[in-house]
Asks: 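Have a look at this one.
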Amino acid sequence: MKNNIRIKGWKASEIIMLLYVTAVLAGLPLVVTDAYYYINVDKYYFYCGACVLLIPVLILRALEKPSVKNFFKSLSLAEKALLAYWVISALSTVLSQFRYESFWGNEGRFSGLFLMTIYVIAYFVISRCYRPHPICIYACMAAGCAVFAFGVTDFLSMDIFHFKEEILHNQIHMFMSTIGNINFYASYAGLVGAAAATIYATWTKKSGTAAWFLLMTFSFVGIVVSNSDSVYLGLGALLGFLPLYLFKDRRGIRRYFMVVSSFLLALSFYRLCALRYADIIMEPSGFNGAVVSIGAFSKLSIAVWILTAIVYAVDYKLQRQNEEIGKKAKVMWGIFLLLAMAGVAGILIDANLLGHGSRYGSLRGMVEFNDHWGTNRGFAWRKAIENYREFPLIRKIFGYGPETFGIISYFHNMPESKEFSGELFDNAHNEYLQFLITIGPAATAAYISFLALSVRDMVKCHCSPYVLGMAFAVTGYGVQAFVNINQPASTPIMWTFLAMGIAECRRHMLKKDDETSIEEEEIWTGEQEQSSGSDEMPEREQGRSSEGEEMAAQGQGRSSEGEEMAAQGQGQSSEGDEMAIKDRETSMEKTEVKGQESSEESGEIPAEKLEIPTVSEEIQLEEE
């Protein structure tokens, strides 16, 4: 039985996948039942419920009897790292003293082995069965605009949905929009904002450019109102690495100027609100505090906008809108990026090792590390590393199981945590440190490798702006994860983005390989027609026949018995004709045999049996 049910050219499994991806990207950010009291539980159950749609997709694919051998053979290096990450996490759960908690993750943010398994299954189903369609991205952006609009009203303390009526006054600004915790909100905003900015920067069509610019700008507004420094790590990665792709032509440079100008516009909006409504909004801190404290920030923003306008005007005046500029600009930006990284490293060394943190003013809290750094993240990180050093060898290798950080902290750090802040950290607030403690260094390295290699594959493919948008969104999430948490509010969005990007890359490469195969078949068919299309006698055989006739004529001249020798000569001539015909048939048979052998060795299909698909036809890897 085959998955042959089609609606307007779409398979049933593809339609279900479209519904699933749309539900995750548009439904998950908006779902909420009882304000902020059970919001993480709401997100967790909604995502698990949406993943039920993967079951009929798997059943329909199983009916096609796909080859398990081909599945493992087609795994990329990134996907092998993903399987290693899952296998080690499963082994960590089996060896854990807290198997129940490790499996369900109920002592943390539900990121136990169960949710990890759903992530892995969802990745493989999406990457193999998802048929790319812009409607999923548009639905995601529409949901993002709704989330950001609600976030702006929360930033201005409007509370239009009365979510904060029963929240303690000192916690009012800790929750935002339909996401919840401001750090989770910042993680979600970073994903959507990075995707929107990258899609705009790489968009090549005339129609849609203005719409993507507006989406990008509104996403930046949603980012800055979070007042969370964690999001600026991901945004810094976007602004730092995006030029390494864009700076290949003049259009890429112009678009980058527009991205920076749009971000400055959003910051100007935040600064204006912070100055005008200082008595009702959350006090600016960290990067936002520095922006508010810069008196000439508005002039700086205007100057950048003027510079952007000049760049556009010059390019259009000289008619070099799409002029290629080679690798020079990329190399120069790479050098600048290295110098900037060296500068940041120098500031950190100066502030921490040399004790000059006070010279950095409002940025001191960001560059000077201590127990209170990052809302007490410094304390959590220090105790986590101390605990890991005391682990027995088996726990250093496999950890205590996924999402068991809170249990470890309870048994090792409870008295000191109460004395320090009066609360117990149930998470390291650093995704990679969290994995190191709970599932070990091998699984952590496999997870990082999976993310890095997947981003590399998507950037290398760059078959559409959407793929690049997914790639840079995952990059931003990966950088932001150094100070954030793996949780069901934004992490499922990251996994879905990643799988969507890989799915489109796989289809693009499949079509490319198929077109190459068709071209090779056409060339092979042309050669076969050229070799077998001539029904005339080969020149070599004609030569042999004519030589036989000449010899017969010479035999007639030299022989004293002319008539007998002429008869013999004619006999030799007819024998020569028969030999030539046999040689020609033998030659043609050899040519056909060689053609069949070469076709079998190369896996090609004979031209008369080849069914050439149209370019628009979607071809699945399993169907090959």
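None of these values were measured; they are calculated from a predicted model. Values below: all heavy atoms of this structure, side chains included; hydrogens, waters and symmetry mates excluded.
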Asks: Please give me the minimum heavy-atom distance between Leu433 and Ala384, naming the atom from each residue.
Replies: CD2-CB, 4.0 Å
Asks: For the NZ atom of Lys43 and the CD1 atom of Ile179, what is their distance to the nearest 0.5 Å?
Replies: 4.5 Å
Asks: Does either side chain, that of Ser301 or that of Ser268, offer a donor lying less than 3.5 Å from an acceptor on the other one?
Replies: yes
Asks: Tell me, do Leu451 and Val474 make a side-chain contact under 4.5 Å, heavy atoms counted?
Replies: yes
Asks: Do you know the tightest heavy-atom contact between Leu156 and Ile280?
Replies: O-CD1, 3.5 Å
Asks: Examine the side chains of Thr491 and Tyr477 and answer whether a donor and an acceptor come within less than 3.5 Å of each other.
Replies: yes
Asks: Evaluate the side-chain proximity of Val259 to Phe220: yes if any heavy-atom separation is below 4.5 Å, no if none is.
Replies: yes
Asks: Could you tell me which non-hydrogen atom of Ser187 sits nearest to which non-hydrogen atom of Asn484, and how far apart they are?
Replies: CB-ND2, 3.6 Å
Asks: Calculate, to the nearest 0.5 Å, the distance between atoms CG and CE belonging to Leu54 and Met17 respectively.
Replies: 6.0 Å
Asks: Return yes if some donor-acceptor pair links the side-chain N/O of Ser409 with the main-chain N/O of Gly406 below 3.5 Å, else return no.
Replies: no
Asks: Under the criterion salt bridge (Lys or Arg N to Asp or Glu O under 4.0 Å), I'd like the reasoning laid out for Arg389 against Glu386: C-alpha separation, chi angles, the key distance, then a yes or no.
Replies: CA-CA 5 Å; Arg389 290 174 179 172; Glu386 290 176 359; over 6 Å; no
Asks: Which word best sums up how the rings of Trp373 and Phe369 line up, parallel for under 30°, tilted for 30 to 60°, or perpendicular for over 60°?
Replies: tilted
Asks: Any side-chain donor paired with an acceptor under 3.5 Å for Tyr360 and Asp350?
Replies: yes
Asks: Report the distance from atom CG of Asp154 to atom OG of Ser226, rounding to the nearest 0.5 Å.
Replies: 12.0 Å
Asks: Could you pull out the closest heavy-atom pair between Leu28 and Pro492, with the gap in Å?
Replies: CD2-CB, 3.7 Å
Asks: Can you give me the closest heavy-atom contact between Cys145 and Leu215, atom names plus distance?
Replies: SG-CD2, 3.5 Å
Asks: Taking atom types as modelled and ignoring hydrogens, do the side chains of Gln480 and Glu431 form a donor-acceptor contact shorter than 3.5 angstrom?
Replies: no
Asks: Assert yes or no for the condition that the ring centre distance of Phe450 to Tyr123 is strictly below 6.0 Å.
Replies: yes
Asks: Would you check if there is a donor-acceptor pair between the side chains of Tyr410 and Glu107 at a distance under 3.5 Å?
Replies: no
Asks: Test ring pair (Phe, Tyr, Trp, His ring centres under 6.0 Å) on Tyr245 and Phe472; report intermediate values, then the result.
Replies: CA-CA 11 Å; Tyr245 177 83; Phe472 281 96; 7.2 Å; no
Asks: Mark yes or no for whether Arg377, through its side chain, and Ala428, through its backbone, hold a donor-acceptor pair below 3.5 Å.
Replies: no
Asks: Could you tell me whether the side chain of Ser92 and the main chain of Ile88 form a donor-acceptor pair under 3.5 Å?
Replies: no
Asks: Quick check on the 6.0 Å ring-centre criterion: do Tyr466 and His133 meet it?
Replies: no
Asks: Pick out which of Thr22, Leu19, Thr496 makes a side-chain contact (heavy atoms from CB on, under 4.5 Å) with Cys136.
Replies: Thr22
Asks: Checking side chain to side chain contact (heavy atoms under 4.5 Å, CB included) for the pair Phe103/Arg99: CA distance, chi angles, key distance, verdict?
Replies: CA-CA 6 Å; Phe103 183 79; Arg99 292 189 184 92; over 6 Å; no
Asks: Aromatic rings Phe148 and Tyr185: how do their planes relate, parallel, tilted or perpendicular, breaks at 30° and 60°?
Replies: perpendicular
Asks: Please report the closest heavy-atom contact between Leu25 and Cys140, naming both atoms and the distance.
Replies: CB-CB, 3.8 Å
Asks: Is there a side-chain contact between Leu265 and Trp305, using heavy atoms and a 4.5 Å cut-off?
Replies: yes
Asks: Answer yes if the ring centres of Phe218 and Phe269 are under 6.0 angstrom apart, and no otherwise.
Replies: no
Asks: Report yes if the distance between the aromatic ring centroids of Phe405 and Phe425 is under 6.0 Å, otherwise no.
Replies: no
Asks: Report yes if the side chains of Val224 and Tyr232 come closer than 4.5 Å at any heavy-atom pair, otherwise no.
Replies: yes
Asks: Name all residues meeting the ring-ring contact (aromatic ring centres under 6.0 Å, His included) criterion together with Tyr36; count only those two or more places apart in sequence or in a different chain, and write none if there are none.
Replies: Phe163, Phe175
Asks: Which residues pass the ring-ring contact (aromatic ring centres under 6.0 Å, His included) test with Tyr447, not counting sequence neighbours?
Replies: Tyr85, Phe435
Asks: Side-chain donor-acceptor pair under 3.5 Å between Thr93 and Ser102, yes or no?
Replies: no
Asks: Look at the side chain of Ser262 and the backbone N and O of Met258, then say whether any donor-acceptor pair between them is shorter than 3.5 Å.
Replies: no
Asks: What is the distance from atom CD1 of Ile502 to atom CG of Leu453, rounded to the nearest 0.5 Å?
Replies: 9.5 Å
Asks: For His162, is there any backbone N or O sitting under 3.5 Å from a side-chain donor or acceptor partner on Asp159?
Replies: yes
Asks: Do Asn183 and Ser228 meet the criterion of a side-chain donor-acceptor pair at a distance under 3.5 Å?
Replies: yes
Asks: Does Arg271 use its side chain to pair, donor to acceptor, with the backbone of Phe297 at less than 3.5 Å?
Replies: no
Asks: Is it the case that the side chain of Ser417 and the backbone of Leu424 share a donor-acceptor pair, with hydrogens and angles ignored and the cut-off at 3.5 Å?
Replies: no
Asks: Are the side chains of Val192 and Met141 in contact, using a 4.5 Å heavy-atom criterion?
Replies: yes
Asks: Apply salt bridge (Lys or Arg N to Asp or Glu O under 4.0 Å) to Arg359 and Glu368, showing your working.
Replies: CA-CA 11 Å; Arg359 68 173 57 174; Glu368 187 176 36; over 6 Å; no
Asks: Could you check whether Glu504 and Ser464, counting side-chain N and O atoms only, form a donor-acceptor pair closer than 3.5 Å?
Replies: yes
Asks: Between Asn370 and Asn352, is there a side-chain heavy-atom distance shorter than 4.5 Å?
Replies: no
Asks: Hey, could you give me the CH2/CG distance between Trp495 and Asn486, rounded to the nearest 0.5 Å?
Replies: 8.5 Å
Asks: For Arg109, is there an ion pair with Glu403 - N to carboxylate O distance below 4.0 angstrom?
Replies: no
Asks: Examine the side chains of Asn376 and Asp371 and answer whether a donor and an acceptor come within less than 3.5 Å of each other.
Replies: no
Asks: For Phe420 and His372, run ring pair (Phe, Tyr, Trp, His ring centres under 6.0 Å): C-alpha distance rounded to whole Å, both residues' side-chain angles, the deciding distance at 0.1 Å, then the answer.
Replies: CA-CA 10 Å; Phe420 176 75; His372 296 283; 4.9 Å; yes
Asks: For Ser490, is there any backbone N or O sitting under 3.5 Å from a side-chain donor or acceptor partner on Gln487?
Replies: yes
Asks: Heavy atoms, side chains only, cut-off 4.5 Å: are Thr475 and Leu238 in contact?
Replies: no
Asks: With the side chain counted from C-beta on, respond yes when Phe150 and Thr153 share a heavy-atom pair under 4.5 Å apart, and no when they do not.
Replies: yes
Asks: With a 6.0 Å cut-off on the ring centroids, do Trp381 and Tyr432 count as close?
Replies: no
Asks: Tell me if the centroids of the rings in Tyr270 and Phe155 come within less than 6.0 Å of each other.
Replies: yes
Asks: Would the number of heavy atoms belonging to other residues, nucleotides or ligands and lying under 6.0 Å from CG of Leu272 be above 12?
Replies: yes
Asks: If you measure from CD1 on Ile439 to CD1 on Ile437, what distance do you get to the nearest 0.5 Å?
Replies: 11.0 Å
Asks: Would the distance check show the side chain of Asn413 and the main-chain N or O of Glu416 forming a donor-acceptor pair, the cut-off being under 3.5 Å?
Replies: no
Asks: For the pair Asn40 (side chain) and Pro488 (backbone), establish whether a donor and an acceptor sit closer than 3.5 Å, ignoring hydrogens and angles.
Replies: no
